[in-house]
Structure formats: structure tokens, C-alpha cells
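Since the structure comes first, as C-alpha cells, the remarks are kept for the end.
Computed from a predicted model, the values in this text were never measured in an experiment.
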Amino acid sequence: MVMSRCWCCQQPQKESIEHIFVTSPTTYKVWNLFMGAAGISVQLIQLKQIIRHWWYAHCCPKLKPLFQAVPAIITWELWKRRNAGKHGGSVSPNMVIHEINRTLHQLARVGYAWIPNIPLLWPDMIQYFEGYKPILITTRVTWQLPFHGWYKSNTDGASKGNPGPSSLGFCVRDDEGDVVYPRAVDLGVTTNVVAEAKAILQGLEYCVEHDLHPLILETDSLMMKKNDVYIKGSSREGSKLTRSQKGTISKPGLCFANPA
């Protein structure tokens, strides 16, 4: 009977999945190092049992995806070490640990790109995320009454999936803040840009048809504000709205702006 020789140990032993990934001396050292830092205690007998403990371990939300990735990263590095030994190379246990740390660090930087100074070593990374508190910056946004004798139309469009199921809405108020007319429309499948543009267009059309002017048109779409907007028949004075030097699209009796 011929048995496969283990390539990850100095002393020849029978090669098996459990030996390569669970019970060999190097594997034992690697698992205990990373599990000890994570507070996970499990007997190294079966690989699926180890994976289950990592997936369901109690940790802070930011560590959860890293915990779930650890078994795959460790087994991959152990497999690379085994293959290196089989083909004449050599990878030390410390190099395996270094590569696992490096991969986890890269994963954390990609997943949390906005968080600075993420530590390289796994124990330090756990401590860092457990004590991390985000810096919250809030900006107060309030709705402003239109000028005396003016109307204001607030518009919005949204798309789930972009493109996907979309809708628009607009609401016209007078200078006392009373609602003159609201509208919501299901647009079917389209993009958020189309939904935003149609919301602006329908809001303007309604105000023109009902002589609700002078008018302030307020939208949260930066694309609609940053680009030239052409709306035919949008006012009695003409068909083209042009951008002023301050960045608002203006016309006699019409002001186009983002909410402050």
C-alpha cells in the first residue's frame, strides 16, 4: 500500500487534508496564533469545525468580515507552503504568518478605505477595530421659505438599481410654506439621472401651466445643476435656461439652485 508523503513536515507522515490544514506542527502554530488573538477556543480536529467557529464568533461588526475570511486565508497560505515544499522550495512558518497578516491588512484597507492607520499585525488590528469610534460630522440642512410673492418647487428622482424601478416627485409651496401641489409618479425602469430630469421638467411644467411664478426650483441633483439645462416652453420669456456666473441657472422669474 502506497501512501502520499507529507511535504509540509520534516518527518515523513501520511498526507491528508486534516494533516495539511489542521494537525501538522506548522498548522497548529498558525491556527493558535490567530485564534488566540481573536479569543476563539476550539480543538484542532476538523477543518469544518474551525471554520464554523470563525464564522459564528462574537466580535464587533467591522471585524465580522475579517473573521469570516481568516479560515480561507490561512488554508490558502498553508496550501501554498505545502506546494512549495513539494516542488523544491521552502516557506517558513513565520513567512506563512507574515503573509496571512499582510492579506488581512489589505482586506481591511479595501473594506474600510476611509479608516486611517489600520495596524498590520492581527492582534493589533483586533484591538484597533474594537476600540474604533468614527468621527461624525453633521451638517444642518433646513428648508428655506421662498421670497415674498415667490413659489418654490422641490424636486427629486430615485432609481433602485440604476437602472431599475424609478420614480419622481415634486412639491410646490408658496411664500408662507403652504403646500400648493404635490405629485409622485412611477416611471418604470430607468436611471436616476432620467428620474431627476423628469422631476424637474414636470415641476416646471406644472408651475408654468398654473402661472405659479416667480419660481425657485430646488433640487438635490448636482448633475442637473452642473450641466446646462434646456427646457422648451418652460417660461413665457423663452425656452433656454442658461447658467449664471455664480453657478445657478437663472431667467427672469426663475431661480434654479441646490438646497443649502
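- Counting non-hydrogen atoms of neighbouring residues, nucleotides and ligands closer than 6.0 angstrom, the NZ atom of Lys64 exceeds 12 such neighbours.
- Linking Ile, Leu, Val, Met, Phe, Trp and Tyr residues whenever their side-chain heavy atoms come within less than 4.5 Å places Trp114 and Met125 in a single cluster.
- For Tyr28, the OH atom sits in a loose shell: 12 or fewer heavy atoms of surrounding residues, nucleotides or ligands are nearer than 6.0 Å.
- The two residues Ala57 and Ile40 make their nearest non-hydrogen contact at CB-CD1, 3.9 Å.
- With values rounded to the nearest 0.5 angstrom, Ile115 atom CD1 is found 11.0 Å from Ile135 atom CD1.
- Atom CG of Asp156 sits about 11.5 Å away from atom CD of Glu218, to the nearest 0.5 Å.
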Subject >> Worked check of side-chain contact (heavy atoms from CB on, under 4.5 Å) between Val91 and Glu77 >> reply: CA-CA 10 Å; Val91 178; Glu77 292 300 331; over 6 Å; no

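- Ring orientation note: the planes of Tyr181 and His210 are close to parallel, at an angle under 30° on the 30°/60° scale.
- Counting heavy atoms of neighbouring residues, nucleotides and ligands inside a 6.0 Å radius, atom CZ of Arg183 exceeds 12 of them.
- Side-chain atoms of Lys198 never come within 3.5 Å of backbone atoms of Gly157 as a donor-acceptor pair (strictly under, hydrogens ignored).
- Once rounded to the nearest 0.5 Å, the distance linking SG of Cys59 with CD of Glu130 reads 8.0 Å.
- The backbone N or O of Asn162 sits nowhere less than 3.5 Å from a side-chain atom of Asn192 that would complete a donor-acceptor pair.
- Nearest heavy-atom pair across Ser92 and Arg81 is C-NE, 4.3 Å.
- Glu99 CD to Lys80 NZ: the interatomic distance, rounded to the nearest 0.5 Å, is 5.5 Å.
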Subject >> Criterion side-chain contact (heavy atoms from CB on, under 4.5 Å) on Arg173 and Asn154, from CA distance to verdict >> reply: CA-CA 8 Å; Arg173 295 180 176 88; Asn154 290 91; 3.7 Å; yes

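- Put simply, the residue from Trp55, Trp54, Phe34 that forms a ring-ring contact (aromatic ring centres under 6.0 Å, His included) with Phe67 is Trp54.
- Summarising the geometry of Pro71 relative to Thr75, their closest heavy-atom pair is O-OG1, 2.8 Å, with the distance given to 0.1 Å.
- A donor-acceptor pair is defined here as one N or O able to donate and one able to accept, closer than 3.5 Å; such a pair exists between the side chain of Ser159 and the backbone of Thr190.
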Subject >> side-chain contact (heavy atoms from CB on, under 4.5 Å) between Tyr132 and Tyr112, worked out >> reply: CA-CA 12 Å; Tyr132 175 75; Tyr112 306 112; over 6 Å; no

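- Using cut-offs of 30° and 60° on the angle between ring planes, the pair Phe147 and Trp150 is perpendicular.
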Original post:
Could you go step by step and tell me if Leu33 and Trp122 meet the side-chain contact (heavy atoms from CB on, under 4.5 Å) rule?
Top reply: CA-CA 9 Å; Leu33 175 65; Trp122 176 242; over 6 Å; no

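- Between the side chain of Trp31 and the backbone N or O of Thr23 there is no donor-acceptor pair closer than 3.5 Å.
- Of the possible polar contacts, one joining the His105 side chain to the Ile118 backbone as a donor-acceptor pair under 3.5 Å is found.
- A heavy-atom distance below 4.5 Å is not found between the side chains of Leu222 and Glu196.
- Taking all atoms of both residues into account, the shortest heavy-atom contact from Ser153 to Leu215 is N-CD1, 3.8 Å.
- Within the 4.5 Å cutoff, the side chain of Thr155 has no heavy atoms near those of the Leu168 side chain.
- Using a 4.5 Å heavy-atom cutoff, the side chains of Ser166 and Val194 are not in contact.
- Following chains of ILVMFWY side-chain contacts shorter than 4.5 Å, one cannot reach Leu120 starting from Ile97, and the two form parts of different hydrophobic clusters.
- If you take CD1 on Ile216 and CD on Gln144, they are separated by 10.0 Å, rounding to the nearest 0.5 Å.
- For the atom pair CG (Leu78) and CD1 (Ile20), the distance works out to 9.0 Å, reported to the nearest 0.5 Å.
- Taking hydrophobic clusters as Ile, Leu, Val, Met, Phe, Trp and Tyr residues chained together by side-chain heavy-atom distances below 4.5 Å, Leu217 shares a cluster with Val180.
- Taking 4.5 Å as the limit, some side-chain heavy atom of Leu66 sits within range of a side-chain heavy atom of Phe129.
- Cluster annotation: Ile17 is connected to Trp79 through the hydrophobic network of ILVMFWY side chains, with a link wherever side-chain heavy atoms come within less than 4.5 Å.
- Across all non-hydrogen atoms, the minimal contact from Val22 to Thr27 is N-CG2, 3.3 Å.
- In the hydrophobic clustering of ILVMFWY residues, with side-chain heavy atoms under 4.5 Å counting as a link, Leu47 and Ile45 come out apart.
- Through direct or indirect side-chain contacts shorter than 4.5 Å among Ile, Leu, Val, Met, Phe, Trp and Tyr, Trp143 is connected to Leu145.
- Shortest non-hydrogen contact noted between Gln46 and Glu18 is CA-OE1, 3.5 Å.
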